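Just so it is clear, the model here is predicted, and its values are computed rather than measured. In each ligand, atom 1 is the first atom listed, and ligand 1 is the first ligand listed. Worth knowing before you read on, the calculation uses all heavy atoms, side chains too, and leaves out hydrogens, waters and symmetry mates.
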Amino acid sequence: MCGIVGYVGRRQAYGILIKGLHRLEYRGYDSAGVALINKAGNLNIYKAKGKVSELEAFAADKDITGTIGIAHTRWATHGEPSTINAHPHYSESEQLAIIHNGIIENYAVLKQGLEQEGYTFKSDTDTEVLVQLIEYTQLNQGTDTKTAVQLALQQVVGAYAIAVLDKRHPDTIVAARKGSPLVVGIGDDEFFLASDATPIVEYTDRVIYIEDEEVVTLRAKSKEQVAQTQMKKEQDSESLIDITTINNVQKTPEIKRLEMSLSQLEKCGYPHFMLKEIYEQPRTLADSMRGRINMQQDNIALSGFIDNKDRFLNAKRIIITACGTSWHAGLIAMYAIEEFAQIPVEVEYSSEFRYRKPVINKDDVVVAISQSGETADTLAAIQLAKAKGAFIFSICNVVGASIPRLSDSGCYTHVGPEIGVASTKAFTAQVIALTMLALCIGKAKKTISNEKYLHIVRELGQIPNKMSLVLEQDRKLAEFAKTFTYAQNFIYLGRGYNYPVAMEGALKLKEISYIHAEGYPAAEMKHGPIALISQEMPVVVVAPHCGTYEKVVSNIQEIKARKGRVIAIVSEGDEVVKNIADYTIEVPSTEECLTPLLTVVPLQLLAYHIAVVKGCDVDQPRNLAKSVTVE
Ligand code: F6R
C-alpha cells in the first residue's frame with residue numbers, strides 16, 4: 001500500500017526522502033512523488049508514474065533543495081496509476097501540498113461542495129479533494145494550518161494517514177492518521193515521518209506511534225533555538241512536537257524505542273529479500289520460541305496466555321480472524337487448538353467476518369493474526385469483536401502496530417522486518433506461535449496428555465535444525481522449477497494440517513509467478529478438480545507420513561492414472577510415493593501438527609524459483625501491497 005515519508009530539520013531533505021521511498025518500495029506502489037520547500041519559500045512538487053528510480057530520473061535536473069519535504073509512493077485506489085494522480089497534490093492556490101494513504105469515502109460529496117465554491121480539480125483522486133478542503137477551511141475560517149487540518153478531517157469519512165506542507169510555514173509539517181499507520185522519528189534537531197519505521201531506522205531509534213484521529217505538528221528549530229544548547233535534547237525535541245486530536249484535545253507524546261536494525265533491511269548477499277527470508281526461517285523460528293520454550297524443563301510459557309488464562313479456559317469458542325497467508329496459519333491453528341485444547345474454533349476471513357453481522361459472545365476469544373498488524377479488515381474485525389465484549393488476542397510481527405495495540409493480549413512473532421511481499425518467515429512463525437498457544441491451553445485444560453505435550457515440546461526444539469535440512473534441497477527445487485515454467489495452472493493438494501499448506505503453496509505461486517494455482521483438500525479432488533487433470537497439469541501433493549497418508553497416496557494414484565504430473569512432498573525414507581510421483585522432495589519426520597513448518601518450505605522455494613526463471617519481480621509482484629491498509 002501507499003508509503004509516506006517526511007523530513008524536517010537542518011539537512012537537505014531530498015536524499016532522505018528518496019532513500020525512505022526506496023525502503024518503502026516493498027509495500028507495493030505504482031507511482032511516486034516528492035514535495036519540497038526551498039530556501040526561497042517555493043513549494044516544488046515532482047511526480048512520476050512507475051518506480052522511485054523514475055522519479056529520481058525526472059527530478060535529476062530540477063531544484064531539489066530544501067530542508068523540509070514530504071514524499072509518497074502511491075498504490076492506486078481512486079484514479080488509475082498516472083503522473084497526475086500520483087501524490088503530492090497541490091491545493092488550488094498551490095500554497096499547500098498533501099500526501100495521503102487510505103480512502104476518503106465521502107470524497108464525491110465533498111468535491112461537489114468545493115466545485116460549487118469554484119475549486120477545480122486536476123486529478124481523479126480523493127486526496128486532492130482533501131487538500132482543497134483544508135485550504136477552503138483555512139481561507140474561510142482564517143485558521144492556521146493545523147486547525148484547518150483538524151476541521152477538514154472532522155468532515156471526512158474514511159481512512160487516512162496524511163502529511164501537509166504549507167509554503168507560508170516552511171519549518172512545519174502537519175500530519176494526521178485514522179486507520180492508516182504513521183510513525184514519527186525523533187532525531188537531533190530534526191523529525192522524520194513515515195508510514196512504517198523502515199525509512200526511519202537508520203537515523204534514530206526514538207519513535208512516536210501516532211494514534212487514530214491524532215494530528216501531529218512537527219516544527220524544525222529556528223537558528224536561534226539551535227544556538228540555545230542549554231536545553232536538554234529530549235525536552236527540546238518534545239517541545240517542537242505538538243499532538244492533539246482532530247477535536248483539539250491536547251495529547252502527550254509517548255516516545256518508544258525502535259527494535260529494528262538496519263541490517264534487517266538489507267539483502268545481505270541474497271538476490272531477493274524473499275530468498276533471504278526463506279533461508280532465515282531456522283533462525284527466526286528459534287527466535288520465536290526463545291524465552292517461551294524452556295527446553296530443560298520441557299515447558300512453554302506464553303506470557304500473553306498466562307496473564308489471561310481464565311479467558312481461554314472459560315472460552316466456549318475461539319474465533320480466528322486474518323487475511324491471506326495469515327488466514328492459512330489460522331486454519332492450521334484450528335486443527336491444533338481443536339486437537340489439543342478441545343475448544344471449537346472458527347476461522348474467518350476478516351473481510352467477511354466484519355460485515356456479516358457475526359454472533360460474538362462475551363466469552364468468545366478472538367485470535368487475530370497479522371504480520372503487519374495494520375491490515376484494515378483484520379483491524380476492523382477486532383474492533384467489532386471488542387465492541388461486543390470478546391477477548392482479543394493477537395499474533396503479530398510488527399511491534400507497536402495498530403492490531404497489537406488494540407488487542408487485550410497477544411504474542412509477537414519476532415522475526416524481524418519481512419520485506420518480500422510474499423510472506424514466508426512470518427507464516428512459519430505464526431504457526432509456531434499458534435501451536436504454542438494450542439499447547440498452553442491444552443495443558444492448562446488437561447485436554448492433552450502430559451506425554452504428548454512433552455513430546456511435541458521436544459519436537460518443537462528440533463524444528464529449526466530439521467528446517468535447515470529441508471533448505472539443503474533448494475538446488476533440487478531450482479531444477480524442478482525449470483521444468484514447470486510452461487504451466488498455466490497448478491493444483492496443490494493436502495489433507496489435515498497440510499491442507500492449509502497446499503493453499504499457502506498455491507498462493508505463493510500465484511503471487512510471484514502469476515501462474516494460476518488452486519489449493520484443495522486432497523479428497524475434494526474427486527468432487528470437481530479431477531476434471532482438470534491431464535499431462536499438462538502439474539499437481540503438487542503434500543503427503544508427509546501422517547494420519548491420512550494412505551488416502552493421499554490413493555489420490556496420487558488417481559492423478560497418475562490421468563497422466564497428471566506429480567511433485568510430492570514426502571517424509572524422509574518414503575519409498576511408496578517416490579515410486580509413483582514424477583518428482584519428490586523429502587522432509588524430516590516430525591509430529592503431525594508440526595509438519596506444516598517443514599512441508600511449506602519446499603513450496604516457498606518452488607514458487608520462488610519458478611518466478612525467477614520466468615523473470616518476475618519476486619520482491620515486488622505487480623498489483624500487490626505488503627500491508628493492506630485499505631479495505
Ligand atoms: C501473502 C501475503 C498476504 C498477507 C495478507 C495479510 O504472501 O503476504 O496474503 O498474508 O495481506 O497480511 P497481514 O498478515 O499483514 O495482516
Side-chain angles (χ1 to χ4, degrees), residues 1 26-28 75 179-181 195-196 198 272-275 277-278 281 320-333 347-354 366-383 392 394-407 410-431 433-434 492 500-514 517 519 600-601 603-608 611 616-631:
M1 288 283 110
Y26 79 99
R27 293 170 71 93
W75 188 86
S180 285
S195 30
D196 66 47
T198 52
H272 297 98
F273 279 109
M274 183 180 176
L275 191 63
E277 287 158 5
I278 292 172
Q281 291 178 104
I320 297 178
T321 187
C323 303
T325 287
S326 297
W327 186 85
H328 295 154
L331 211 51
I332 293 172
V347 188
E348 301 271 2
Y349 284 115
S350 302
S351 52
E352 288 299 310
F353 181 67
R354 64 180 286 196
V366 172
V367 176
I369 311 167
S370 176
Q371 185 287 127
S372 62
E374 299 293 351
T375 300
D377 284 321
T378 306
L379 195 56
I382 65 172
Q383 276 160 342
I392 315 293
S394 61
I395 308 272
C396 188
N397 188 37
V398 178
V399 176
S402 303
I403 290 172
R405 281 190 287 142
L406 200 77
S407 304
C411 168
Y412 282 114
T413 46
H414 293 308
V415 300
E418 191 179 61
I419 307 291
V421 163
S423 187
T424 52
K425 63 176 180 175
F427 171 77
T428 45
Q430 287 165 349
V431 173
L434 289 156
Y492 285 69
V501 173
M503 289 203 286
E504 175 59 8
L507 180 63
K508 288 291 88 89
L509 188 73
K510 274 186 274 213
E511 282 181 292
I512 58 170
S513 73
Y514 316 139
V600 78
V601 176
L603 306 192
Q604 295 169 343
L605 286 168
L606 184 68
Y608 170 80
C616 300
D617 188 346
V618 172
D619 284 334
Q620 290 160 38
R622 70 183 179 210
N623 303 338
L624 287 181
K626 183 69 188 162
S627 175
V628 185
T629 52
V630 294
E631 60 171 301

task = Return yes if a side-chain donor-acceptor contact under 3.5 Å exists between S402 and E374, otherwise no.
result = yes
message = If you measure every N or O of T378 against every N or O of ligand 1, does any of those distances drop under 3.5 Å?
response = no
Backbone of K425 reached by a side-chain donor or acceptor of E418 within 3.5 Å = yes
Contact check: Q430 vs ligand 1, nitrogen or oxygen atoms, below 3.5 angstrom = no
inquiry  = So if I count the atoms of ligand 1 from 1 in the order they appear, which ones are less than 4.0 Å from some heavy atom of S370?
reply    = 13 (P), 14 (O), 15 (O), 16 (O)
Distance-only polar pair, side chains of S326 and Q430, donor-acceptor under 3.5 Å = yes
request  = May I ask you to check whether Q604 and T424 show a side-chain donor-acceptor distance below 3.5 Å?
outcome  = no
task = Classify the ring geometry between Y349 and W327 as parallel (under 30°), tilted (30 to 60°) or perpendicular (over 60°).
result = parallel
ask   = Closest non-hydrogen protein atom to atom 11 (O) of ligand 1, residue and atom name please, with distance?
value = V628 CG2, 4.0 Å
remark   = Counting from 1 in the order shown, the ligand 1 atoms closer than 4.0 Å to a non-hydrogen atom of S423 are 7 (O), 8 (O)
ask   = Among protein heavy atoms, which lies nearest atom 15 (O) of ligand 1, and at what distance?
value = S372 OG, 2.7 Å
ask   = Does E374 have a non-hydrogen atom less than 4.0 Å from ligand 1?
value = no
Sub-4.0 Å atoms of ligand 1 with respect to non-hydrogen atoms of K508 = 1 (C), 7 (O)
ask   = Which part of E511 is near ligand 1, with near meaning a heavy atom under 4.0 Å away: side chain, backbone, both or neither?
value = side chain
inquiry  = Counting only heavy atoms from other residues, nucleotides and ligands, does the tally under 6.0 Å from CD of E352 exceed 12?
reply    = no
Nearest option to atom 5 (C) of ligand 1, as decided by whichever heavy atom of A368, C323, A322 sits closest = C323
request  = Ignoring hydrogens and angles, state whether a donor on the side chain of T325 or S423 is under 3.5 Å from an acceptor on the partner side chain.
outcome  = no
request  = Return yes if a side-chain donor-acceptor contact under 3.5 Å exists between S350 and T321, otherwise no.
outcome  = yes
ask   = What atoms in ligand 1 come closer than 4.0 Å to a heavy atom of A422?
value = 7 (O)
inquiry  = Just to check, does V421 reach to within less than 4.0 Å of ligand 1 when the distance is taken from its heavy atoms?
reply    = yes
ask   = Got the closest protein heavy atom to atom 3 (C) of ligand 1, with its distance?
value = T325 N, 4.0 Å
